[in-house]
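Remarks on the structure that follows.
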Amino acid sequence: MEKVRTAEELAAQQREISVAEFFEKNRHLLGFDNPSKALLTVVKEAVDNSLDAAEEARILPEVFVKVEMLGEDRFKVTVEDNGPGIVKKEIPNIFGKLLYGSKFHQLRQSRGQQGIGISAAVLYAQLTTGKPTIVESKTSPRGTTKIFHIKIDTLKNEPEILKEDEVKNGLKHTGTRITLEIEGKYVQRYHSVDEYLKQTALANPHASITYISPTGEKHEYRRAIKKLPKMPKAIKPHPYGVELGILMRMLKSTPYTKLSSFLQNEVSRVGSTSAEGICVLAGLELTRRPQDLTHEEQERPLKAMQKVKLMRPQTDWLSPIGEKNILEGLKNMIKAEFYTARTREPVVYRGNPFQIEVALAYGGELKEKQDAEIILMRLANYVPLLYQASSCAITKAVTKTNWRRYGLEQSGGKGMPHGPMLLLVHMASTWVPFTSESKEAIANYPEIMKEIKLAIQDCGRDLLRYIRKQARARRESRRLDIFQKYLPLVIENAEILAESKKKHNIEPILEKVVNADLIEEEEEEEIVGGENEEE
Amino acid sequence: MKKSERNEIIEKLTQIGKDVIQAVERSEIPKIEIPSRTTSNIVYDPEYLCYVIGDKKVKRSAGNIRHIRRLAQLLRVARFCKEEMQKSLRHTTKRELYYISESWEKGLKFDEQVESDNIIEDIEAMIGRPREDFRIIPNPRGSIYGDITLRYTTPKGDVKEVNCLDTPDGQAIGPRISEAEIIDCKADKVIAIETSGMYNRLMEEGAYHKFNAILVNLEGQASRATRRMIKRIHELLEIPVYIFTDGDPWGLHIAMVIMAGSAKSAHINRQLATPDAKWIGVTASDIKNYKLRSDKLKEVDYKRIKELSKDPRYKKDERLKKELELWKNLGKKAEQQALLRYGFEYVVEKYLPTKFKELG
């Protein structure tokens, strides 16, 4: 007979629902749903970290990525950067502890919002191959390179250091190198590491990326501009956009002891008058200790905040790629005939500032796929989005735009347009609203859709002007060809017919003919039919 | 064709080139004007009883992207015709011209025969002469039999004469006969016959002799060369012309085209039409009166009757109008040969004499 278990036994078991188990159950949320996506996610987390590290230290990023195939489904991923390096004591925590230093509570435009963090990649490596992750880091040019072999203690969510070393001749300059051995699958085209890195280079024209693919091909994306984007600053959440969970955490951890000072100091755009208004509406005293609010009470200021009239959040702390930089990046990447870009002014959705950028490249080498659908690149905070295109606000805005108006083919005036074009749409925001935890598609808030559409229309109009100009030039040159061909034949035959002894100079007439405005077209002669008398 | 007439045509072709050169010398964009052959510019001339072309002209300008090639081609065709008229006795068919264009300067080649055909009609309209006059000829259709003597020039340049009575099956109206000079004619009327069957019947029954007539085989709708021949004989000798067709609206219209020309040849109808010609029949009344073997009119026949009833060429002639009406009511049509129910000789012995008496 089965043994009856005690509450203590069950509780002990509960504790054993470890991070590893959590990971296994939620791998699809974290970007590890299948081997090919897992490979991409590992590369993505490491590259995001590298770019962030360099930028925060105000160093122009140089990232080296190598993916080697060790077996049919086994890969070694190496990512190295020229960042400031990581101090020795932080290395185990950053790589060996899930959710450590997470940027989750921070409202700042950052790549980090994109994934669960590099430690998830470390865990994935350990779970699929049993291998530790090797981290090498150097913090001063003449210093030593620290080497750690790290695993995660999945029961305690603590780093487990298998090996620690310090060598003199390690990395050449400051920075970090991370090497992971994982189970994965290498694919090419749309959802590939190749495509991700290419798009990353495009979205980060200030970065140089070198990539050696599993097939041994070396891709070098050199930086198009030598200026770092401005550092986006963290802002306090705006009352209109704050979510209950975040507010609850903020209330618990605030150093302020009065609700009114909490409101004035921990969220933006709230002064003493507004703070009072919120407290009155919430039915809470101004002097209540924020830490002491009950669960039910915590919800009340949130509701009250939505009813108080407040200034819009600051928008000037966003860091868009910038029209000029996007164009440089595009020109660096693609030999097209025409480029244009728009960075819209920052605006707000649900209390979150955001800024939309659209750029396009048309013609040139893109003509190889003349009749195919356009290439759409979706970016959020400098990071390419490769999956879930169809549910993304960017895709929706693109397919709901009538591209025929802008000179592209589009069946029925909706859907993905066809033509030799690459379209890039970037959303920069302190909080990108993803449709799900996997963070691959932007939710379609009306404000966001509207901004994307407006930016697309601006670029579309530029495109149309170009296409029209091209068509006009083609017409003109065809016109010239025809006149140059037939005018001599007209005059020569007329000379012979008229028995003219003189040879006439064609040039003045040709000039006149070509420069003349299009002579109004004669109505086409309609030849009388019927009464077939002969032949 | 007389030498003076030939020179006049050559001069008209030359003038097209001169107009272009004059514009060039004035530093103007060369353009030519062609009488428009659109339906809107074809008008019925009640005085001359035929369709003629109105005053509307179309321009063909070297400054128009859609005109310049056709302008060059028109000049090239005019040049070709002039050169052929000057240096040879050759005649060229429209189809041949289409192929000859392959040898011309690059870009002038005709892609389809309809292009060269249109340019030929442009030139006809510009110089007011049918294309046979500048030696672009149709495939011969139609022949002539009777006591008429024609003087023609052989392809080698020899001048010879032929009496059409001396030809076994009648003289085909080909390019040389079309241009031949009428030397002598003892006949006092022309009978133009729609079908070869009836033409042969009249020959064998001695109609040319009995009626002192020239017989013309139309072979269906009369070719322009045949129509011109009929007109020339009529005008030169001042003898009446009779047209003998099948008994249906189509036959009647064959007669009408001889009398009043076609819309398609409006620009040269004054040179082709014989307004005084008379239609013998077979009329709708004949079908009834002679109890001819007949077929029911079909839908296309009724449609044709309706079209012709609206045609201005029929509006003037009460007799033809009445016949069209009668056809509609009768609902029947008959061939010329239906008269043979009364024997071989009947047409010559009874039918035609009666008709000549009626028509005067």
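The structure presented is a predicted model; accordingly, all values stated were derived computationally and were not measured. So that the names make sense, note that chain A is the first sequence line, chain B the second, and so on, each numbered from 1.
- Within a 6.0 Å sphere centred on CZ of A/Arg468, heavy atoms belonging to other residues, nucleotides or ligands number 12 at most.
- Contact check on A/Glu499 versus B/Lys82 returns a salt bridge, with a Lys/Arg side-chain nitrogen under 4.0 Å from an Asp/Glu carboxylate oxygen.
- Other residues, nucleotides and ligands contribute more than 12 heavy atoms inside 6.0 Å of the CG atom of B/Asp111.
- Rounding to the nearest 0.5 Å gives a distance of 5.5 Å between CG of A/Leu489 and CD of B/Glu105.
- More than 12 heavy-atom neighbours from other residues, nucleotides or ligands sit within 6.0 angstrom of CD on B/Gln86.
- The shortest non-hydrogen separation linking A/Ile509 to B/Glu28 is CD1-O, 3.3 Å.
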Practice task
Take A/Glu495 and B/Ile21, measure what side-chain contact (heavy atoms from CB on, under 4.5 Å) needs, and give me the verdict at the end.
Solution key: CA-CA 7 Å; A/Glu495 280 168 350; B/Ile21 293 304; 3.5 Å; yes
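- The line from CG of A/Leu487 to CD1 of B/Ile68 is 4.5 Å long, rounded to the nearest 0.5 Å.
- A pairwise comparison of heavy atoms in A/Ala498 and B/Gly17 identifies CB-C, 3.6 Å as the closest pair.
- Residue A/Ile482 holds its CD1 atom at 10.5 Å from CG of B/Asn64, rounded to the nearest 0.5 Å.
- For NZ of B/Lys306, the number of neighbouring non-hydrogen atoms (other residues, nucleotides, ligands) closer than 6.0 Å is 12 at most.
- Around atom CD of A/Glu220, more than 12 heavy atoms belonging to other residues, nucleotides or ligands sit under 6.0 Å away.
- For B/Glu307, no part sits under 4.5 Å from any heavy atom of chain A, backbone or side chain.
- Here the CZ-CD1 distance, from A/Phe483 to B/Ile65, works out to 4.0 Å after rounding to the nearest 0.5 Å.
- Distance check: A/Tyr486 OH to B/Leu108 CG gives 6.5 Å after rounding to the nearest 0.5 Å.
- Between B/Ala72 and A/Asn493, the shortest heavy-atom distance links the atoms O-ND2, 4.4 Å.
- The greatest number of non-hydrogen atom pairs below 4.5 Å with chain A, out of B/Val114, B/Thr226, B/Ile254, B/Val24, is found for B/Val24.
- Ranked by non-hydrogen atom pairs under 4.5 Å with chain A, the options B/Thr14, B/Ile16, B/Leu13 are led by B/Thr14.
- Atom NZ of B/Lys109 sits in a sparse spot, with 12 or fewer heavy atoms from other residues, nucleotides or ligands closer than 6.0 Å.
- Contacts with chain B were tallied for A/Asn505, A/Val490, A/Ile491; A/Val490 has the most, counting heavy-atom pairs under 4.5 Å.
- The number of heavy atoms from other shown groups lying within 6.0 Å of CZ (A/Arg461) is above 12.
- Taking B/Arg95, B/Lys18, B/Lys106, B/Glu83 one by one and counting their heavy-atom pairs under 4.5 Å with chain A, the maximum is reached by B/Lys18.
- Closest non-hydrogen pair, B/Ala62 versus A/Val513, comes out as O-CG1, 3.8 Å.
- Open room surrounds CD on A/Glu511; 12 or fewer heavy atoms of other groups in view lie less than 6.0 Å from it.
- Note that the OG atom of A/Ser500 and the CD atom of B/Glu25 stand 6.5 Å from one another [nearest 0.5 Å].
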